[in-house]
Amino acid sequence: MTDTQAHREQVHERVLSWYAAHGRDLPWRRPEATPWGIYVSEIMAQQTPIARILGPWLTWLKRWPNPAALAADPPAEAIRAWDRLGYPRRALNLHAAATAMVRDHDGEVPADLDQLRALPGVGEYTAAAVGSFAFGIPAPVVDTNVRRVLARIALGEAQAAPSLTKAERDLAAAWMPADPDDANRWNVASMELGALVCTARTPGCGVCPVADLCVWRVAGSPAYDGPRRPHQGYAGTDREVRGAIMAIVREADAAVPAAAFTDVAAADRIERAVAGLVADGLLRLSEQGYDLPR
DNA sequence: AATACGTGGTC
DNA sequence: TGACCAAGTAT
């Protein structure tokens, strides 16, 4: 068994069948989901477990059912609603993207890869995901799940390299089914397989539909020997201080004086974090103190 | 290419 | 218990 066209087609068939039977019924996957709903789900899902975004997604879509609704409110509301989802710049980006959709795209999510990619907070992955899931554009969707699935099934490696390489993009493109509908299904299905079965920690090879077609599995699941991802600490970093400051400002009814931050960390760290947040547009300095952008 | 960017759960 | 991980993006 090697990485031949016939091998790929067999994998496609099995994974698509598996997905039809075992894929999760996520709200943004339902037929009634709008491109905007799918767009919001993709931004929320960036570096964030799906289980954590379910509630926030429902609340967000009810409050802002389309781009115009969000654009009509100030960014502060988006940042507050984002609450503790993490990386609050995503909330700011979502608001800015909604504004751009109203201004440049008749209030709609653009059905074009380049136009999607031009939106703030939309990179290669998100453009492809929204293109494929919302508009049926069969672009390769290469997220952390797909990268791991392909690393194992096609390359026989336990995990993907620390960062996305051109070789991986080419591999993902080569693995796309020729039929556009199948290609779009493969995008979700291979992601889902990575999320539910072919997981990072303890892969469920015992229930995997392609265990016997997986180069890694057949080779005896050898341990990863490539470069490790650099460790991303949190305690003691500026990110921690930024997070604490944003939490204070989010929960305040009015602008807060800098003195409200003094318990968060040492003065120099607070100063650096606040400067960064202001530079990022997440915080605004008025005469009354710091508050969220309006 | 490497690094910054939140937050919470898991083993 | 601390490192690892989670549908990445921007610089």
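The chains referred to below are lettered A, B, ... by the order of the sequence lines, with proteins before strands, and numbering in each begins at 1. If you're wondering where the values come from, they're calculated on a predicted model, not measured in any experiment.
Atom CZ of A:R63 is surrounded by more than 12 heavy atoms from other residues, nucleotides or ligands within 6.0 Å. Residue A:D268 places its CG atom among more than 12 non-hydrogen atoms of other residues, nucleotides or ligands, all under 6.0 Å distant. Atom CD of A:E271 has 12 or fewer neighbouring heavy atoms from other residues, nucleotides or ligands inside a 6.0 Å radius.
Sorted by residue number, the members of residues 23-53 of chain A with any non-hydrogen atom under 4.0 Å from DNA chain C read A:R24, A:L26, A:W28, A:R29, A:E42, A:A45, A:Q46, A:Q47, A:P49, A:I50. Non-hydrogen atoms lying under 4.0 Å from DNA chain B are contributed by A:Q232, A:Y234, all within residues 227-236 of chain A. DNA chain B lies under 4.0 Å from no heavy atom of any residue of residues 253-283 of chain A.
Checked against a 6.0 Å centroid threshold, the rings of A:W60 and A:W82 count as neighbours.
With a cutoff of under 4.0 Å to any heavy atom of chain A, the contacted region of DNA chain B is bounded 5' to 3' by B:dC5 to B:dT10.
Under the 4.0 Å criterion applied to side-chain N and carboxylate O atoms, A:R242 and A:D280 are assigned as salt-bridge partners.
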Could you tabulate the donor-acceptor pairs under 3.5 Å formed by side-chain atoms of residues 203-210 of chain A, not counting sequence neighbours?
none

For a quick test of your reading: what N or O donor-acceptor pairs under 3.5 Å do the side chains of residues 130-145 of chain A make, sequence neighbours left out?
residue: A:S132; atom: OG; partner: A:N184; partner atom: OD1; Å: 2.6
residue: A:S132; atom: OG; partner: A:N187; partner atom: ND2; Å: 3.0
residue: A:D143; atom: OD1; partner: A:N145; partner atom: N; Å: 3.2
residue: A:D143; atom: OD1; partner: A:V146; partner atom: N; Å: 2.8
residue: A:D143; atom: OD2; partner: A:N145; partner atom: N; Å: 3.4
residue: A:D143; atom: OD2; partner: A:N145; partner atom: ND2; Å: 2.9
residue: A:N145; atom: OD1; partner: A:R148; partner atom: NH2; Å: 2.9
residue: A:N145; atom: OD1; partner: A:A195; partner atom: N; Å: 3.4

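Nucleotides C:dT1 and B:dG6, compared at atom P, are 27 Å apart to the nearest Å. C:dA6 and B:dA1 have their C1' atoms separated by 23 Å, with the value rounded to a whole Å. Atom name C1', nucleotides C:dT11 and C:dA7: the rounded distance is 22 Å, in whole Å. Straight-line distance between the P atoms of B:dT3 and C:dC4: roughly 15 Å, to the nearest whole Å.
Taking the six-membered ring where tryptophan is involved, the planes of A:W175 and A:W186 are essentially parallel, since the angle between them stays under 30° and well short of 60°.
Two residues, A:F133 and A:N93, neighbour DNA chain C, and the one matched to the more 5' nucleotide by heavy-atom proximity is A:F133.
Looking only at distances, no side-chain donor or acceptor of A:W216 sits under 3.5 Å from a matching main-chain atom of A:A223.
When rounded to the nearest whole Å, the span between CG of A:L164 and P of C:dT9 equals 10 Å.
If you check the side chains of A:E42 and A:Y125, you find a donor sitting under 3.5 Å from an acceptor. Judged purely by distance below 3.5 Å, without hydrogens or angles, the side chains of A:T48 and A:R90 pair a donor atom with an acceptor atom.
Under the 4.5 Å side-chain heavy-atom criterion for grouping Ile, Leu, Val, Met, Phe, Trp and Tyr, A:I43 is connected to A:L54 within one hydrophobic cluster.
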